[in-house]
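One structure is given below, encoded as structure tokens.
Nothing fancy with the numbering, it's 1 onward along the sequence.
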Amino acid sequence: MPPTLIRILQSRIMAILGLIFILTGLKWGSMLFVVRQYEDVIVTRFGKAVRIVTSPGLKVKLPFFDKINRFDKRVLAWDGPPTECPTKDKLYLIVDCFARWRISDPLLYYNRLNDERSALSRLDDILGSETRTAVATHDLVEIIRVTKGREPLRDPELEKSGTVLPSKLPDIQFGRGEIEKQITERTRQKIADFGIELLDERFKRSKYNPAVAEKITERMSSERHQIAARFRSEGRGEAANISGQKESEVASIISSANRDALKIEGEADAEAARIYASAYSAPDAQDLYLFLRTLDVARSAFEKDTTAVISTNSDLGRMLKSIGVGVKGNGLSVGFTPRASALPEIKRAFSALKNS
């Protein structure tokens, strides 16, 4: 660097110019501020508002004396704490609400609330109070339901079978949407004095108090148990009816079958008797029948070493005598013992009878 330039930079004039330049920069920096598109600015002097700036751009203020207060003019959110409220029909609900709001009058908002934290606190008080009042003046069904004249979905086949009982939903006069509008209008009137515009308020969630929910669950369970018990009772009655009809039909079928069997047996016996009577009506057939019956009696009565007392005048006695059976005694009754030589003859007679 040339010595001449060094001497110039080290001179008092340049030092003074540099100091002036720095002071000028600080001055302009304290005099200028930027207003963004989404905010309003209130310029205060010694705590008192002197002007409101709403248009965006680079603005000028009095340095060291003016203070910049920025306020968001976008839509802001409010999310209140869950509030326990009694309904008109004495049921306790825990209602959780949310709302959307914005600053409508920055100067009034600054004078009454000053910042967003104060605004949210005031919204908690007013919206919470209005919500409790609205819930307390309406029944539970008005807070839960939205549409009027709603009909439940039905299955005609299930209703005919008795599995699902026909039901009808209770009608409503206002509904949740209308109640939310009432809360919004009442709150809007109260917070207008704070420079705030309430755009909308909605129920985020509504649920029963845990103790109430348990009681309602028990009541619903009891009702379902009663319905189930009725269905089971009807089922048992229907089963008994079907079982009775079955036993009656079985008894009728068995009785009819026994009657037909006895009828057939009677007809068969009558036909057999007729055939026997026709077969043995001739004299020769009668003698043959008498002979065969006598042999049947002899076959059944006499075995080996059999002792019998029979009349000599009976057919059996005469037949035994004719085939060579020894007879002891005389008169009406005799005792006899078959000779060993007579047994083969009796067996041959029986065999011939069996093969005939």
Side-chain angles (χ1 to χ4, degrees), residues 30-62 65-85 93-138 142-147 174-207:
S30 60
M31 291 178 60
L32 301 177
F33 64 95
V34 177
V35 179
R36 299 177 182 85
Q37 294 88 345
Y38 54 83
E39 64 183 7
D40 293 330
V41 172
I42 295 180
V43 180
T44 60
R45 187 174 299 159
F46 303 110
K48 182 178 180 180
V50 293
R51 62 192 176 103
I52 302 174
V53 182
T54 57
S55 59
L58 187 62
K59 308 298 179 180
V60 180
K61 67 181 181 67
L62 188 65
F65 297 103
D66 291 347
K67 182 180 177 182
I68 303 300
N69 299 275
R70 302 178 184 272
F71 300 99
D72 199 334
K73 61 182 179 182
R74 293 174 294 185
V75 176
L76 304 175
W78 172 85
D79 192 355
T83 306
E84 185 174 357
C85 313
L93 285 179
I94 297 178
V95 181
D96 193 0
C97 303
F98 71 95
R100 295 294 179 263
W101 61 283
R102 65 185 175 189
I103 301 171
S104 58
D105 190 338
L107 182 59
L108 182 60
Y109 177 84
Y110 172 76
N111 292 329
R112 298 295 300 274
L113 299 174
N114 194 17
D115 55 13
E116 186 175 339
R117 184 177 61 181
S118 300
L120 292 176
S121 177
R122 188 55 57 92
L123 285 173
D124 287 342
D125 296 338
I126 298 175
L127 275 173
S129 174
E130 291 298 330
T131 300
R132 287 190 293 271
T133 302
V135 172
T137 54
H138 295 88
E142 297 285 348
I143 300 169
I144 301 301
R145 294 274 304 281
V146 178
T147 56
F174 298 99
R176 188 177 67 224
E178 187 64 29
I179 295 174
E180 291 170 342
K181 290 181 181 179
Q182 293 177 4
I183 296 174
T184 302
E185 291 298 328
R186 293 172 183 173
T187 306
R188 185 177 294 163
Q189 296 174 5
K190 292 183 178 181
I191 65 174
D193 296 336
F194 298 97
I196 296 175
E197 179 186 3
L198 182 64
L199 301 177
D200 199 5
E201 188 269 352
R202 287 286 185 269
F203 289 165
K204 181 166 59 176
R205 182 176 59 178
S206 301
K207 65 178 182 178

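Under a 3.5 Å cut-off, the side chain of Asn69 and the backbone N or O of Ile42 do form a donor-acceptor pair. No donor-acceptor distance shorter than 3.5 angstrom exists from the side chain of Thr187 to the backbone of Thr184, with no hydrogens or angles considered. A donor-acceptor contact shorter than 3.5 Å is absent between the side chain of Arg188 and the backbone of Glu197. A donor-acceptor pair under 3.5 Å is formed between the side chain of Arg176 and the backbone N or O of Ile144.
Counting heavy atoms from C-beta on, the side chains of Val43 and Ile68 come closer than 4.5 Å. In this structure, the side chains of Asp96 and Ile94 stay at 4.5 Å or more apart for every pair of heavy atoms. At a threshold of 4.5 Å between non-hydrogen side-chain atoms, the residues Val41 and Lys59 do not count as touching. Contact annotation: the side chain of Ile143 approaches that of Leu93 to within less than 4.5 Å [non-hydrogen atoms, C-beta and beyond].
Under the salt bridge (charged side-chain N to carboxylate O under 4.0 Å, His left out) criterion, the residue pairs touching residues 111-131 are Glu130-Lys190, with sequence neighbours excluded.
The two residues Glu201 and Thr131 have their closest heavy-atom pair at OE2-OG1, 3.9 Å. In plain terms, the two heavy atoms of Glu39 and Arg70 that are nearest each other are OE2-NH1, 2.5 Å.
Note that the CG atom of Leu113 and the CG atom of Asp193 stand 10.5 Å from one another [nearest 0.5 Å]. The CZ atom of Phe71 sits 10.5 Å away from the CG atom of Asp105 when rounded to the nearest 0.5 Å.
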